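Since the model is a prediction, treat every value here as computed from it, not as a measurement. All residue numbers in this chain count up from 1 along the given sequence. In what follows, every heavy atom counts, from backbone to side chain, and hydrogens, waters and symmetry copies are set aside.
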Amino acid sequence: MDEFKACNLDYCPENILIDVLSYLSVRELVRAGRVCKRWRRLVKDQRLWRLVDLTAWKGVTSRILWVLLRQFLGCGLRCLRLRGLLLSARGGTFLSESWLKALSTKCPRLSKLYLLHADLRSLPSCQLLPTSLQVLELRGCELPRGFFDQSLPTSPSGPQERAEATSSVGGQQKGRDQKGKGHGSPSGISIERLVLNNVPSFTDQHLQSLTSWERLSRLELRDTFRVTANGLRSCAAKDGVCGVEGLVRLKFLEIGITGRQGYQLQMASLGLGAGWLGLEELSLGGKEVGPGLLCASRLKDLKCLCLWACTLSEMQIVRSCRMLRGLRRLEFLDVIFQPRQCPPVVEGEGGGEEEQDSEEAVGGDNSNDENKLDMNDPIPSLRRSLAVLLPCCILVFTNCSVQINAD
């Protein structure tokens with residue numbers, strides 16, 4: 001027992017101490033580095049700086065960012081989360097061009113950047129961000145007009161330079177064809193996933209600029225109120241004069257509006273009515289679910305559909321899924337299902353088209369079990385209807401409920 005009391009942290013191996021330090025926040029890590037020389041050396045271990053979250057550290061200024069970059073951040077950084085000064089009373093410049101250049105030089109493996117409440121209007125273009133980025137997430141940020149523009153390389157001015165350029169193009173063209181379009185130039189944007197959450201300054205012009213990105217495969221637009229149906233329609237991948245135009249490599253698209261109850265609804269998802277080549281996954285949320293379901297049948301390559309934060313009826317879902325025979329996964333997240341209502345039948349008239357459609361979808365099963373509510377299965381009749389329409393589709397219900405009327 002006396003030997004145990006004499007032991008302290010100096011007897012612990014460094015691997016165990018690093019595991020203990022990994023539970024500390026960034027601010028606590030910086031303070032722990034002031035204890036002694038050994039702890040300062042341990043705190044600088046890059047295993048502790050793979051995921052850096054500064055959103056909970058209030059009052060982070062550009063000076064603190066420079067200190068972290070010079071003393072702690074390095075080649076081990078993979079994900080960086082920052083909170084800007086957009087909602088701060090002090091204001092001021094948060095991210096500078098010099099700091100971003102130093103970040104890309106010292107952290108060449110940074111793949112994900114998350115910015116919260118950052119004013120990016122002082123940056124001329126997103127090309128100043130590290131070229132190693134694969135995921136860029138912006139929430140509550142302000143953007144300049146040409147932030148997503150990808151500047152093309154300047155053409156040679158002299159006649160000799162033009163001749164050399166044309167001769168080199170012929171030798172490099174075969175190598176580019178073998179590598180594919182995805183690699184592009186070293187100065188190009190290599191972002192594969194772009195998330196925009198509550199960015200009011202994002203417009204159709206920014207969306208059109210994304211068509212020059214060669215690797216963008218996932219685009220998530222949440223509460224981007226200034227995106228219209230015409231803007232989404234102009235960026236859709238479609239056959240053009242010179243081949244396929246628009247967001248050609250996009251495989252996943254999310255559109256959702258859940259905030260600003262009094263805001264004029266743009267119904268940007270109506271832009272899907274023109275079709276979208278190669279789009280395999282679609283996520284619709286909030287006010288965009290209704291118009292999006294009307295146009296989902298135009299997406300010939302659609303395989304996965306996710307509906308979230310909305311209120312739907314069984315008849316509305318069944319009618320939309322009849323045109324989605326190729327669907328392989330249908331997911332409902334935070335959805336409120338309206339109860340099934342059978343319209344009264346007038347004497348001398350048939351059952352109506354809606355009753356015939358519902359009977360065909362259910363497969364003629366009119367047992368009394370449909371009126372029973374199972375707690376594990378929010379709406380059993382909908383599951384049986386979709387099982388007949390989409391036999392190869394996987395149904396997923398997450399945090400769903402059934403609206404119960406007082407009548």
Side-chain angles (χ1 to χ4, degrees), residues 53-55 60 79-88 91-96 100 112-130 133-150 189-213 215-236 247 250 252-272 282-289 292 306 308-309:
D53 189 359
L54 297 175
T55 56
V60 177
C79 177
L80 180 60
R81 298 169 61 91
L82 300 175
R83 176 193 290 268
L85 304 175
L86 188 60
L87 302 181
S88 177
T93 303
F94 181 66
L95 296 177
S96 60
L100 290 175
K112 182 177 181 181
L113 179 61
Y114 172 85
L115 299 178
L116 173 64
H117 300 158
D119 191 357
L120 304 177
R121 288 174 291 187
S122 60
L123 302 178
S125 174
C126 65
Q127 286 187 302
L128 296 174
L129 300 177
L133 280 183
Q134 298 179 1
V135 180
L136 177 61
E137 184 172 355
L138 305 178
R139 182 171 184 179
C141 300
E142 287 292 337
L143 305 176
R145 179 172 298 181
F147 184 73
F148 295 110
D149 293 343
Q150 182 174 356
I189 300 175
S190 60
I191 296 176
E192 300 176 0
R193 178 186 176 189
L194 178 62
V195 182
L196 299 169
N197 192 344
N198 193 17
V199 182
S201 57
F202 186 81
T203 60
D204 293 341
Q205 182 180 356
H206 295 96
L207 188 62
Q208 185 66 34
S209 301
L210 297 180
T211 56
S212 62
W213 292 19
R215 298 187 182 183
L216 186 62
S217 60
R218 294 176 63 93
L219 178 60
E220 303 176 18
L221 304 177
R222 306 168 188 169
D223 290 339
T224 52
F225 305 98
R226 300 181 65 181
V227 176
T228 62
N230 293 330
L232 195 66
R233 189 180 298 110
S234 62
C235 297
L247 295 173
L250 199 68
F252 178 89
L253 176 62
E254 178 175 333
I255 307 174
I257 293 182
T258 57
R260 294 193 182 184
Q261 299 295 330
Y263 193 84
Q264 182 180 0
L265 183 60
Q266 298 289 349
M267 293 186 181
S269 56
L270 290 177
L272 300 174
L282 177 64
S283 179
L284 300 173
K287 301 177 182 178
E288 297 288 352
V289 174
C306 179
W308 49 276

Enquirer: Does any part of the side chain of V195, heavy atoms only, come nearer than 4.5 Å to the side chain of Y114, both counted from C-beta?
Expert: no
Enquirer: Step by step, work out the side chain to side chain contact (heavy atoms under 4.5 Å, CB included) result for L85 and D119.
Expert: CA-CA 7 Å; L85 304 175; D119 191 357; over 6 Å; no
Enquirer: Could you check if a side-chain atom of I189 sits within less than 4.5 angstrom of a side-chain atom of F148, using non-hydrogen atoms only?
Expert: no
Enquirer: I'd like to know whether F252 forms a side chain to side chain contact (heavy atoms under 4.5 Å, CB included) with E220, so could you lay out the CA-CA distance, the side-chain angles of the two residues, the decisive distance to 0.1 Å, and finally the verdict.
Expert: CA-CA 8 Å; F252 178 89; E220 303 176 18; 3.7 Å; yes
Enquirer: Under a 3.5 Å cutoff, is there a donor and acceptor pairing between the side chains of S209 and H206?
Expert: no
Enquirer: For the backbone of L133 and the side chain of S190, can you confirm whether one donor and one acceptor N or O come within less than 3.5 Å of each other?
Expert: yes
Enquirer: Quick one: pull up CZ in R193 and CG in L219 and give me the separation to the nearest 0.5 Å.
Expert: 10.5 Å
Enquirer: As a quick check of understanding, evaluate side chain to side chain contact (heavy atoms under 4.5 Å, CB included) for L210 and L250, giving each step before the final call.
Expert: CA-CA 10 Å; L210 297 180; L250 199 68; over 6 Å; no
Enquirer: A side-chain contact here means heavy atoms from C-beta on lying under 4.5 Å apart; do L95 and L128 qualify?
Expert: no
Enquirer: Can a donor-acceptor pair be found, under 3.5 Å and without considering hydrogens, that links the side chain of H117 to the backbone of C141?
Expert: no
Enquirer: Kindly say whether G286 contributes a backbone atom to a donor-acceptor pair with the side chain of W308 at under 3.5 angstrom?
Expert: no
Enquirer: Begin from the C-alpha positions of N198 and F225 and carry the test side chain to side chain contact (heavy atoms under 4.5 Å, CB included) through to its verdict.
Expert: CA-CA 8 Å; N198 193 17; F225 305 98; 4.2 Å; yes
Enquirer: Do other residues, nucleotides or ligands put more than 12 heavy atoms under 6.0 Å from R139 CZ?
Expert: no
Enquirer: Could you tell me whether the side chain of N197 and the main chain of G140 form a donor-acceptor pair under 3.5 Å?
Expert: no
Enquirer: Contact between L253 and L247 at the side-chain level, heavy atoms closer than 4.5 Å - yes or no?
Expert: no
